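Remember, it's 1-based here, ligands and their atoms both numbered in the order they're listed. All values reported here derive from a predicted model rather than from experimental measurement.
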Amino acid sequence: MDTLLITGGAGFIGSNLVRRVLATSEARVLVVDKLTYAGRRENLEDVLGDARLELVVADICDRQAMSALFRDRRPRGILNLAAETHVDRSIDGPRAFVETNTLGTFELLEAARGWLATTDDAARQAFRFLHVSTDEVFGSLGADGLFREDTPYDPSSPYSASKAAADHLVRAYHRTYGMHTLVTNCSNNYGAYQFPEKLIPLTILNAVEGRDLPIYGDGSNVRDWIYVDDHCRGLLEVFDNGAPGETYNLGASCERSNLETVETLCDVLDEVLPARDNGALAARGASSYRDLMTFVDDRPGHDLRYAVDASKARDALGFEPATDFETGLRRTVEWYVANREWCESAQATGYRRPRLGLATS
Ligand code: NAD
């Protein structure tokens, strides 16, 4: 039976991916996760009892531990999702981003290379190293155009720079050592189990608690959104059928300004949890969640627009996203409203959704 090694499998996208692999294949899943603030056992609670799943708490920067896992568990491949992921946090403290995102990926590549050198040719041919990256490595678009796989890298934040460096290393291991690597660059994800520091869950939780809904700058920055389940399907398509050495953009052609996204969330919330049923909203004297919208200082170096051309994955692999934004947002709102316990435990360390990432020097 195949073993898939999924790093960062206790995080937002990782936990959704683990669930999908267990539900749609016979594979064993070995999750390696350091369990930072964003990665939690609770994200896998419903599947931890599955005998095919094992969670190893470890740091991908720990070469010895990673080498031992490759040697002992002989995975058919690795999907590398472990990362520090919040742009605002990368502005306040870039070191952890370089360490995990860049050096951690390097340590995984070296651990995989060392192990592959001891295996036979069939195992080397079958092996895949899928590195999960972001469209933010391409920098910012103006009003027109789309990121393609051959768009030059031009990252703006310490987060995207650390991811960009890792992407280059992964491709170099294909060209230099012949490792069967794959890189995916995906647009913004949303869905269940996302830590409430990111725009969509932060807006939902603030709204439910009757707090201000912060909108950076004038809200005109555009993001391209994909429902997390669609991203996970895309990752498995690339893992199973992508051509070694190739890069694939993943996205759902769903551009929205941040203002539009928050407004849509407010409208969905007005239906799912109307003001009359939410004392916190009434206490603010508000009759709609839109009344809570507040414009705040912009993020330094805030990229204006992201938009992904995912036609290569569609044409080469048949990848098509299935969930439209309004459906996905409604499911997401309903999940957060129904899972208040998860929301509380995610913030049990004292995280209270403060404004981050304003440091400019
Ligand atoms: P997340 O922050 O929710 O999860 C990251 C996971 O990595 C957590 O479980 C965390 O504990 C783990 N981790 C962090 N440092 C580690 C280390 N040193 N060793 C082992 N584990 C470690 O992030 P996410 O949103 O699920 O993103 C997953 C991946 O997808 C990241 O690589 C990210 O760059 C990429 N990505 C995310 C998005 C998005 O919109 N969320 C879009 C495109 C690409």
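- Arg19 forms a cation-pi arrangement with Tyr193, by the criterion of a distance under 6.0 Å to the ring centre and an angle within 45° of the ring axis.
- For ligand 1, residues of the protein lying within 4.0 angstrom by heavy-atom distance are Gly8, Ala10, Gly11, Phe12, Ile13, Asp33, Lys34, Leu35, Thr36, Ala38, Gly39, Ala58, Asp59, Ile60, Leu81, Ala82, Ala83, Thr85, Thr100, Val132, Ser133, Thr134, Tyr159, Lys163, Cys186, Ser187, Asn188, Asn189.
- The salt bridge (charged side-chain N to carboxylate O under 4.0 Å, His left out) check on Arg256 picks up Glu326, with sequence neighbours excluded.
- Residue pairs that meet the ring-ring contact (aromatic ring centres under 6.0 Å, His included) test with at least one member in residues 166-186, sequence neighbours left out, are Tyr153-His168, Tyr173-Tyr177.
- The existence of a salt bridge linking Asp92 and Arg89 is excluded, since no basic side-chain nitrogen approaches an acidic carboxylate oxygen closer than 4.0 Å.
- Residues passing the salt bridge (charged side-chain N to carboxylate O under 4.0 Å, His left out) test with Glu45: none are found, sequence neighbours excluded.
- Annotation: cation-pi pair Arg40/Trp342 present, NZ/CZ under 6.0 Å from the ring centroid and within 45° of its normal.
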